[in-house]
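Notes for the one structure printed next.
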Amino acid sequence: MSGEEQQLVDALRHRLPSGLESLMEKYGNLVYGLVRRILAGAGRTEDVEECVSDVFLAAWKRIDEYDMTKGTLRTWLLILAKYAALDARRKLLRHQVMQSFDGHAAAAAGASVEENVITKEASAELLALVNALPEPDKSLFYRRYFFYESIEQISQGLNLTVKAVESRLYRLRKWFKVKLGERRAE
């Protein structure tokens, strides 16, 4: 660790605002770039800026967790940024999915009345198909595609193997393609 980095860590550990200011000056663009790439397509500029602020706040609060023997301050900060951005992305996508099921996203995008009706019908159709699924398939679908849980989390929660979860999700996706294709053909 360089002397400059050690001074920065010491300033943060002593809760000196100048330490946080220096951290933001030195790594702000790097953190912003990483967060922006992770949130691309999921959030607005304001969401990226909020996430970057959350990263630096987390660094300020959690500086005592930083272990210089495990990596550089830069690496630790980028790991904080990565996980904060992934959490923000899941939250934003979940919010967008819920909005689209209510039909608000299409209306907000300036869609026509016809497009709004089609979106609402498609959402209702998809929800009807999901709700008609037997357990554990319904839970699998909701946990993976609505709550963005990892396959490992789902397998633990439903007492299934990872391979069983992957296979069921694959079969569900195929089944939905067939069902939605049949309904559109009608």
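Within 6.0 Å of CD on Glu4 lie no more than 12 heavy atoms contributed by other residues, nucleotides or ligands.
In terms of heavy-atom proximity, Val9 sits nearest to Ile63 at O-CG1, 4.3 Å. Scanning both residues, Phe141 and Val130, for their nearest heavy atoms gives CE2-CG2, 3.3 Å. Among all heavy-atom pairs drawn from Asp67 and Thr69, the shortest one is OD1-OG1, 2.6 Å. For the pair Arg144 and Ile151, the tightest heavy-atom approach, listed with the atom from each and the gap, is NH1-N, 3.7 Å. Nearest heavy-atom pair, Ile38 versus Ala85, reported as atom, atom and distance to 0.1 Å: CG2-CB, 3.6 Å.
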- Task: Test side chain to side chain contact (heavy atoms under 4.5 Å, CB included) on Trp76 and Lys70 and set out the steps.
- Result: CA-CA 9 Å; Trp76 180 74; Lys70 292 184 179 177; over 6 Å; no
- Evaluate the side chain to side chain contact (heavy atoms under 4.5 Å, CB included) criterion for residues Tyr142 and Leu133: first the C-alpha distance (whole Å), next the side-chain angles of each, then the deciding distance (0.1 Å), finally the verdict. CA-CA 11 Å; Tyr142 273 108; Leu133 289 171; over 6 Å; no
Side chains of residues 18-33: which donor-acceptor partners sit under 3.5 Å, not counting sequence neighbours?
| unit_1 | atom_1 | unit_2 | atom_2 | d |
| --- | --- | --- | --- | --- |
| Ser22 | OG | Ser18 | O | 2.9 |
| Tyr27 | OH | Glu5 | OE1 | 3.3 |

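Under 4.0 Å is where a charged nitrogen must lie from a carboxylate oxygen, and between Arg90 and Asp87 at least one such pair does.
Residues Leu169 and Val162 fall within the same hydrophobic cluster, defined by Ile, Leu, Val, Met, Phe, Trp and Tyr side chains chained together at heavy-atom separations under 4.5 Å.
With rounding to the nearest 0.5 Å, the separation of CG in Leu8 from CG in Leu73 is 5.5 Å. The distance from atom NZ of Lys174 to atom CZ of Arg171, rounded to the nearest 0.5 Å, is 9.5 Å. A distance of 12.5 Å separates CG in Leu172 from NZ in Lys179, rounded to the nearest 0.5 Å. One finds the CZ atom of Arg37 at 11.5 Å from the CG atom of Leu39 (value rounded to the nearest 0.5 Å). Taken to the nearest 0.5 Å, the CZ atom of Arg44 stands 10.5 Å off from the CD atom of Glu49. The CD atom of Glu166 sits 11.5 Å away from atom CG of Leu140, with the distance rounded to the nearest 0.5 Å.
Here the side chains of Phe56 and Leu80 are not in contact, with every heavy-atom distance at 4.5 Å or above. Residues Asp137 and Trp175 have side chains not in contact (no heavy-atom distance under 4.5 Å, counting atoms from C-beta outward). Arg74 has its side chain within reach of Leu78: a pair of non-hydrogen atoms, C-beta onward, lies under 4.5 Å apart.
The closest donor-acceptor contact from the side chain of Ser167 to the backbone of Ala164 lies at 3.5 Å or more, if one exists at all. The closest donor-acceptor contact from the side chain of Arg89 to the backbone of Ala40 lies under 3.5 Å.
Within the structure, the side-chain hydrogen bond (donor to acceptor under 3.5 Å, both in side chains) test picks out the following pairs touching residues 50-65 (sequence neighbours left out): Arg62-Glu65.
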